[in-house]
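Here is the structure we will look at.
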Amino acid sequence: MLIGILQTGQAPDTLRDEMGDYPDFFRELLANRGLQFRSYHVEGMQFPVSVHDCDGWLITGSRHGAYEDHPFIKPLEDFIRKSIAEKVPMVGICFGHQIIAQAMGGKVERFDAGWAVGPTDYDFDGQTIKLNAWHRDQVTEVPDGATVCASNEFCENAALVYGDLAFTVQAHPEFKDEFVDGLLRTRAPGLVPPDVMAAAAAKLGHDNDAAAVADRIADFFKQNRNK
């Protein structure tokens with residue numbers, strides 16, 4: 001099954017050479033699960049010709065806000081709506097989670113309570129799942145047709161499922177602790193409050209449940225669907 005990775009952001013220059021970029025993270029996260037990948041740098045306006053160019057789509061994270069005025073935002077929203085209308089399955093992570101919700105009629109905002117950074121527990125349908133987070137924006141209004149499937153006290157709409165059409169997660173199962181540590185060193189200073197940075201750093205270095213979410217993503221893509 002061929003999955004198109006729609007890249008909407010990039011890892012910091014100082015980390016990219018050593019750790020790779022966002023598509024590399026997803027290839028590693030979803031390895032050995034019967035999926036193949038092709039990348040499109042949509043942030044740079046490289047879009048697929050058709051929503052049927054791949055068997056499914058995965059939208060990455062980004063430092064941009066879904067509500068901001070960037071050239072790629074509106075074409076990406078159009079692509080999302082067309083993909084879902086034509087029943088091509090789609091997964092969104094962090095920014096991907098947000099832009100899918102916005103494209104489908106939900107609302108994304110900068111969250112007044114601030115940042116979620118580093119290892120964070122979520123209630124996934126009654127199961128506690130720990131994933132790395134890195135976000136301030138949140139989905140604050142869920143679009144019609146979407147169901148909340150994960151949440152915590154800080155992030156009410158932490159994962160959404162749109163029937164068998166889309167599955168989206170606010171956290172970053174693709175972010176390893178080493179990359180979060182790199183973000184704390186390179187991107188967080190002056191942006192994330194020092195106490196939030198310190199709390200995140202103190203929680204790094206323990207196992208998380210990224211593999212379980214990777215299984216869920218792969219299973220979602222490989223569902224039988226009536227076209």
Side-chain angles (χ1 to χ4, degrees), residues 8-9 25-26 29-30 57-67 77 80 84 89-177 179-180 183 188 192-193 195-197 199-200 202-204 206-221 223:
T8 60
F25 299 169
F26 283 107
L29 175 72
L30 298 170
W57 302 102
L58 189 155
I59 305 178
T60 73
S62 176
R63 63 180 179 176
H64 302 305
Y67 44 77
E77 289 183 322
I80 290 165
I84 288 177
M90 181 168 280
V91 166
I93 302 297
C94 197
F95 174 88
H97 165 76
Q98 296 162 9
I99 193 70
I100 291 173
Q102 181 173 284
M104 298 306 293
K107 188 172 184 178
V108 178
E109 296 179 291
R110 178 154 292 189
F111 194 50
D112 289 342
W115 287 83
V117 174
T120 303
D121 287 340
Y122 299 90
D123 180 345
F124 264 81
D125 295 329
Q127 179 183 6
T128 300
I129 295 288
K130 185 184 297 293
L131 299 171
N132 276 317
W134 191 278
H135 70 96
R136 183 172 180 182
D137 293 348
Q138 292 195 26
V139 176
T140 55
E141 293 182 13
V142 175
D144 291 342
T147 301
V148 177
C149 59
S151 63
N152 61 23
E153 290 185 1
F154 184 82
C155 185
E156 182 178 359
N157 305 313
L160 301 174
V161 62
Y162 300 69
D164 65 355
L165 302 176
F167 170 53
T168 69
V169 179
Q170 177 61 70
H172 283 280
E174 81 283 13
F175 280 9
K176 292 184 175 180
D177 281 8
F179 185 70
V180 173
L183 290 177
V192 179
D195 60 327
V196 176
M197 293 171 58
K203 292 186 288 185
L204 296 175
H206 302 282
D207 290 341
N208 67 29
D209 299 297
V213 175
D215 288 341
R216 184 163 181 161
I217 290 170
D219 290 346
F220 173 80
F221 275 132
Q223 286 182 45

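Quick note: residue numbers are just sequence positions, from 1. In this text the structure is predicted, and so the values were computed from the model without any measurement.
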Indicate yes or no: at least one non-hydrogen side-chain atom of [X] is less than 4.5 angstrom from one of [Y].
X: L30; Y: L58; result: yes
X: D121; Y: N152; result: no
X: E156; Y: V148; result: no
X: H97; Y: L160; result: yes
X: N132; Y: L204; result: yes

Between [X] and [Y], which heavy-atom pair has the shortest distance, and what is it?
X: G105; Y: P143; answer: C-CB, 4.0 Å
X: Q170; Y: C155; answer: CG-SG, 4.0 Å
X: A166; Y: I84; answer: CB-CD1, 4.2 Å
X: V117; Y: A200; answer: O-CB, 3.4 Å
X: L29; Y: P173; answer: CD1-O, 3.5 Å
X: W115; Y: P193; answer: CD1-CD, 3.9 Å

Tell me, yes or no, whether the heavy-atom count around [X] atom [atom1], taken from other residues, nucleotides or ligands under 6.0 Å, exceeds 12.
X: E153; atom1: CD; value: no
X: D112; atom1: CG; value: no
X: D195; atom1: CG; value: yes

Say you draw a straight line from [atom1] of [X] to [atom2] of [Y]; how long is it, rounded to the nearest 0.5 Å?
X: L131; Y: T120; atom1: CG; atom2: OG1; result: 8.0 Å
X: K203; Y: K130; atom1: NZ; atom2: NZ; result: 7.0 Å
X: D219; Y: F167; atom1: CG; atom2: CZ; result: 10.0 Å
X: R216; Y: F221; atom1: CZ; atom2: CZ; result: 13.5 Å
X: Q98; Y: T140; atom1: CD; atom2: OG1; result: 10.0 Å
X: T168; Y: I99; atom1: OG1; atom2: CD1; result: 12.0 Å

Checklist entry - Going through the distances and angles, do W134 and V192 end up as a side-chain contact (heavy atoms from CB on, under 4.5 Å)? => result CA-CA 10 Å; W134 191 278; V192 179; 4.3 Å; yes
Item to check | Working for side-chain contact (heavy atoms from CB on, under 4.5 Å), residues I80 and I59 | outcome: CA-CA 10 Å; I80 290 165; I59 305 178; 3.7 Å; yes
Next on the checklist: Assess the residue pair I93 and F26 against the criterion (side-chain contact (heavy atoms from CB on, under 4.5 Å)); give the C-alpha distance rounded to whole Å, side-chain angles, the decisive distance to 0.1 Å, and a yes or no.
Outcome noted: CA-CA 10 Å; I93 302 297; F26 283 107; 3.7 Å; yes
With sequence neighbours left out, what residues match [X] under ring-ring contact (aromatic ring centres under 6.0 Å, His included)?
X: F154; value: F111
X: Y162; value: none
X: H64; value: H70, F72

Item to check | Which residues share a side chain to side chain donor-acceptor pair (under 3.5 Å) with S151, sequence neighbours left out | outcome: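 For S151, no residue satisfies side chain to side chain donor-acceptor pair (under 3.5 Å) once neighbours in sequence are set aside.
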Item to check | For T60, side chain to side chain donor-acceptor pair (under 3.5 Å) partners two or more places apart | outcome: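 Partners of T60 under the side chain to side chain donor-acceptor pair (under 3.5 Å) test: T8.
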Item to check | Donor on one side chain, acceptor on other, Q102 and E77, under 3.5 Å | outcome: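 Note: Q102 and E77 side chains meet the donor-acceptor criterion.
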Checklist entry - Could you give all pairs that pass the salt bridge (charged side-chain N to carboxylate O under 4.0 Å, His left out) test and reach residues 136-145, with sequence neighbours left out? => result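 Salt bridge (charged side-chain N to carboxylate O under 4.0 Å, His left out) check on residues 136-145 returns R110-D137.
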Checklist entry - Parallel under 30°, tilted from 30 to 60°, perpendicular over 60°: which one fits the rings of H172 and F175? => result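 Parallel, since the angle between the ring planes stays under 30°.
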